[in-house]
Novice: 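Handing you this structure, nothing more for now.
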Amino acid sequence: MNINHTVVTGFILLGFSGITEHQVSLFPIFLCMYTITVAGNLSIIITYKLSPSLHTPMYFLLANFSFLEILYISCTVPLMLSGLLSECKVISFSGCVIQMYCFLLCAGTECFMLAAMAYDRYNAICHPLLYTVIMNERVCIQHIVGSYIIGAANALIYTGVTFSLPFCGSNKIDHFFCDVPPVLELSCQDIWVNELVIFVIAGCVIIGSFVVTIISYVEIISKILRLHSVSGREKTFATCSSHFIVVTVFYGSGIFMYFRPRSSHRIGQNSVVALMYTVIAPLLNPFIYSLRNKEVKSNMKNIILRKFKF
């Protein structure tokens, strides 16, 4: 039996319409957040490049993580800013596919890069004498490249599974970008198989990397508690606490978004939850890793003093 369906050639991003009717008022807020995020993460990269004392595995991973954060937030926020100023919030079908792939590539890469950074801290604290041997330059590069490869494969599967479905009903996405859960909801076909595949892949990527991260921190905390020196305990904890804050915000909101039941979805909730891992987490990164890190702050200050010759 042939059934006529209207083929969807584009989508309408509802953004924050479920929260406020005056979305344009949000533009200066998100523009400011985007600018601070890009400038802050860029400052970490520049500080690393211009400071020989920071050329260690920890800061090599941090500089690459900052670069990833710039790519990550740029996958979603520029289009969101454009939508806040425009009455036309349409994104083409191919544009939606590309945006979803790029976002998932960066998100998947970030999961494993956070795990690599936790593994780096584990070796630095639990195996200090072997640290430079274990985390040599080749290993660090392998961690970075491996994270991108896994992220690319993960994004390809997610995007393929999502857009293999027919879209023939509403084309209004309850989100400010093309994310998997809200796009799946628009399909006119039973999506339980697709959801199962995505659930399994998300479990491997998000939960898998999260478990590696948590195991690393359990070992680190165990090591910290065995330290007899109070000052040593405080210094070690300060080094890791900043990373743990980023991990908590990123994984917590991501797990809530991708593992909650479909029946619990509310209008506008997708956008609010997604802000935590698409905007807030990248925004926190430069503040947490620079303002809470004496070495980074000291080198930033020295670079500014040399530049302006104070």
Side-chain angles (χ1 to χ4, degrees), residues 1-19 72 75-76 89-112 149-212 214 250-278:
M1 182 175 68
N2 292 325
I3 300 175
N4 292 323
H5 290 312
T6 302
V7 178
V8 173
T9 57
F11 298 97
I12 298 173
L13 297 169
L14 298 180
F16 302 95
S17 58
I19 303 170
Y72 181 56
C75 290
T76 57
K89 305 178 190 303
V90 176
I91 182 171
S92 66
F93 188 91
S94 58
C96 192
V97 174
I98 293 170
Q99 186 186 48
M100 182 180 288
Y101 179 82
C102 292
F103 168 74
L104 292 172
L105 165 62
C106 293
T109 302
E110 182 159 336
C111 285
F112 285 93
I149 291 173
I150 296 172
N154 168 66
L156 186 62
I157 295 171
Y158 263 76
T159 309
V161 169
T162 301
F163 288 100
S164 64
L165 292 165
F167 297 95
C168 47
S170 172
N171 67 338
K172 295 180 179 179
I173 300 176
D174 179 26
H175 214 323
F176 60 85
F177 74 99
C178 292
D179 202 0
V180 177
V183 172
L184 280 178
E185 292 175 4
L186 301 183
S187 176
C188 51
Q189 179 180 301
D190 189 1
I191 62 173
W192 77 269
V193 174
N194 303 70
E195 283 187 314
L196 179 62
V197 172
I198 288 172
F199 185 83
V200 171
I201 299 298
C204 293
V205 174
I206 299 177
I207 303 299
S209 57
F210 182 62
V211 168
V212 171
I214 290 299
F250 179 76
Y251 279 111
S253 54
I255 289 172
F256 179 81
M257 183 70 176
Y258 283 86
F259 290 92
R260 60 184 170 147
R262 208 191 329 166
S263 59
S264 68
H265 290 199
R266 296 184 180 88
I267 295 176
Q269 190 181 56
N270 287 329
S271 297
V272 175
V273 174
L275 280 176
M276 295 302 294
Y277 60 86
T278 59

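Just so it is clear, the model here is predicted, and its values are computed rather than measured.
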Novice: Who passes disulfide bond (SG atoms under 2.5 Å apart) against Cys111, sequence neighbours left out?
Specialist: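 Applying disulfide bond (SG atoms under 2.5 Å apart) to Cys111 gives none.
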Novice: Please examine the side chains of Val183 and Phe163, heavy atoms only from C-beta on, and report whether any two atoms are closer than 4.5 Å.
Specialist: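 When only atoms from C-beta onward are counted, Val183 and Phe163 do touch, with a gap below 4.5 Å.
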Novice: Could you tell me the separation between the NZ atom of Lys172 and the NZ atom of Lys89, rounded to the nearest 0.5 Å?
Specialist: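 Between atom NZ of Lys172 and atom NZ of Lys89 there are 12.5 Å.
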Novice: Using the side chain to side chain donor-acceptor pair (under 3.5 Å) rule, collect all pairs that involve residues 175-184, keeping only residues at least two apart or in two chains.
Specialist: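 Checked against side chain to side chain donor-acceptor pair (under 3.5 Å) - neighbours excluded - the pairs reaching residues 175-184 are Asp179-Tyr258, Asp179-Tyr277.
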Novice: Just verifying a value: how many Å separate Ile91 CD1 and Leu13 CG, rounded to the nearest 0.5 Å?
Specialist: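 Spacing of CD1 (Ile91) from CG (Leu13) equals 5.5 Å.
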Novice: Between CG of Leu184 and OH of Tyr158, what distance do you get to the nearest 0.5 Å?
Specialist: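 Spacing of CG (Leu184) from OH (Tyr158) equals 10.0 Å.
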Novice: Between Asn154 and Gly108 (side chain of the first, backbone of the second, donor and acceptor by atom type, cut-off under 3.5 Å), is there such a pair?
Specialist: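 Checked: no pair found.
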Novice: Hey, could you give me the CG/CD1 distance between Leu186 and Ile173, rounded to the nearest 0.5 Å?
Specialist: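 Reported to 0.5 Å precision, the distance equals 5.5 Å.
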Novice: Tell me, please, which residues at least two apart from Cys178 pass disulfide bond (SG atoms under 2.5 Å apart).
Specialist: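 Scan of Cys178 (disulfide bond (SG atoms under 2.5 Å apart), adjacent residues dropped) gives Cys96.
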Novice: Report the residues that fulfil side chain to side chain contact (heavy atoms under 4.5 Å, CB included) with Ala152, sequence neighbours left out, ordered by chain and then residue number.
Specialist: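 Per chain and number, Ala152 pairs via side chain to side chain contact (heavy atoms under 4.5 Å, CB included) with Tyr101, Leu105.
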Novice: Go through it in stages, so that I can follow the logic: the residues are Leu165 and Asn194, the test is side chain to side chain contact (heavy atoms under 4.5 Å, CB included), and I'd like the CA-CA distance, side-chain angles, deciding distance and then a yes or no.
Specialist: CA-CA 9 Å; Leu165 292 165; Asn194 303 70; 3.4 Å; yes
Novice: So do the side chains of Leu275 and Phe16 get within less than 4.5 Å of each other, counting heavy atoms only?
Specialist: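 They are in contact (side-chain heavy atoms under 4.5 Å apart), so the answer is yes.
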Novice: Restricting to side chain to side chain contact (heavy atoms under 4.5 Å, CB included), what partner residues turn up for Ile214, sequence neighbours left out?
Specialist: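 With sequence neighbours excluded, Ile214 shows a side chain to side chain contact (heavy atoms under 4.5 Å, CB included) to Phe210, Val218, Phe244, given in chain and number order.
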Novice: To the nearest 0.5 Å, what is the distance between OG (Ser271) and CG (Asp174)?
Specialist: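 If we round to the nearest 0.5 Å, Ser271:OG and Asp174:CG are 6.0 Å apart.
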Novice: Let me confirm one number: the CZ-OG1 distance from Phe103 to Thr278, rounded to the nearest 0.5 Å.
Specialist: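 Phe103 CZ to Thr278 OG1: 6.5 Å, rounded to 0.5 Å.
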Novice: Quick one: does Met100's side chain get under 4.5 Å of Phe177's, heavy atoms only?
Specialist: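 Contact flag for Met100/Phe177 side chains = no.
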Novice: Out of the candidates Ile198, Leu104, Ile191, only one should pair with Thr162 under the side chain to side chain contact (heavy atoms under 4.5 Å, CB included) rule; please name it.
Specialist: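 Single pass found, and it is Ile198.
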Novice: The criterion is side chain to side chain donor-acceptor pair (under 3.5 Å); which residues satisfy it with Ser209, sequence neighbours excluded?
Specialist: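 Per chain and number, Ser209 pairs via side chain to side chain donor-acceptor pair (under 3.5 Å) with Tyr251.
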Novice: Find out whether Val212 and Phe112 are in side-chain contact, i.e. whether some heavy atom of one side chain is under 4.5 Å from a heavy atom of the other.
Specialist: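 In short, these two side chains do not touch, never coming nearer than 4.5 Å.
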